[in-house]
Amino acid sequence: MKRVLITGAAGFLGSHLCERFLKEGYHVIGMDNLITGRIENIEHLFHLKEFTFYHHDVTRFVYVPEELDYILHFASPASPIDYLKIPIQTLKVGSLGTHHLLGLAKAKKACILVASTSEVYGDPLVHPQSEDYWGHVNPIGPRGVYDEAKRFQEAITMAYHRYHGLDTKIARIFNTYGPRMRLNDGRVLPAFIGQALRGEELTVFGDGKQTRSFCFVDDLVEGIYRLLLSDHHEPVNLGNPDEVTILEFAREIQELTGARSKVVFKPLPVDDPMQRQPDIGRAKEWLGWEPVVSRSEGLKITYDYFKSLPEEDLYKTEHNNFEEYIKK
Ligand code: UDP
């Protein structure tokens, strides 16, 4: 049985990856410090003998006694609100955390895939973004802590590949959505759905003309799975090229939820990218991958998930453990 270590296992993407690798017959070791991850996302896996969980912070030395075939590094805060609140932890998990996991991969002779992001392109001047675009990033803005940590992550990963011959993969992940996103992490989709369910106005930032391209989580997981098993070491964009303005997106959520909530306009956050759309030519050619779930199908599944949550969750302001963590 092959063994895979997944960091950020209790997070949105990490928990879906744990399920997928268990389904493929792997032994999965999940690791998470539970700052932004939620144990509820994976507690249904705890009874499986093929699943092990380590409560650990990867910015400290990572010790895993078992042999490992694969490592997926998905530990990181990933929403603008999170990295504003925990900027230093965000920098550390992308830099020190990645260094520890690369070292672990080398010691275990394991293949490692790191989760990078479309944020490496910053507020892009090229559209759509292909992997050979180097980006337009403000290193000292509020998003800089995430963007630069991820750019460093790519650099050190390529260095381990070139210098140590490590088998490495880099996924540049574009906006992804689905069940288990945190309701109040500030991301646009849970924000709009939460507002609609509470009967509040939908807060569109700026004039709403900025665009994003949203990928359903199952499609993303399939892309990650194929990339891990491929022999390509250069970064690969994974995302859904179906681009939409945030204002149109708000309208879609109104229609989906039947909410009478009106749209209100709020100031645009600093360095909010104006356009974002992946060029997925490389993923198509190298992995034979492209998304198959339409936004309307994916949104329906996601909405059903949010509706199924206990009503009091809708009114919690925090869905994370920052406070306890920061006190330590
Ligand atoms: N956004 C918005 N209203 C909200 C939350 C976000 O209009 O309540 C906008 C945000 O300014 C950005 C887009 O939606 O232009 C996507 O934001 P998100 O935080 O989900 O992801 P990212 O900016 O990292 O792509």
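Remember, it's 1-based here, ligands and their atoms both numbered in the order they're listed. Scope of the values below: all heavy atoms of this structure, side chains included, with no hydrogens, waters or symmetry mates.
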Parallel, tilted or perpendicular: rings of Tyr146 and Tyr83 (30°, 60°): parallel

Residues which pass ring pair (Phe, Tyr, Trp, His ring centres under 6.0 Å) with Trp134, listed by chain and number, not counting sequence neighbours: none

Every residue of the protein that comes under 4.0 Å of ligand 1, judged on heavy atoms: Pro80, Glu119, Arg143, Asn175, Gly186, Arg187, Val188, Ala191, Phe192, Thr203, Val204, Phe205, Gln210, Arg212, Ile246, Pro269, Asp272, Arg276

Distance-only side-chain donor-acceptor flag, Gln195 / Thr203, under 3.5 Å: yes

Flag for Glu243-Ser213: side-chain donor and acceptor within less than 3.5 Å: no

Side-chain ion pair, Glu19 and Lys23, N-O less than 4.0 Å: no

Asp304/Lys300 ion pair, N-O < 4.0 Å: yes

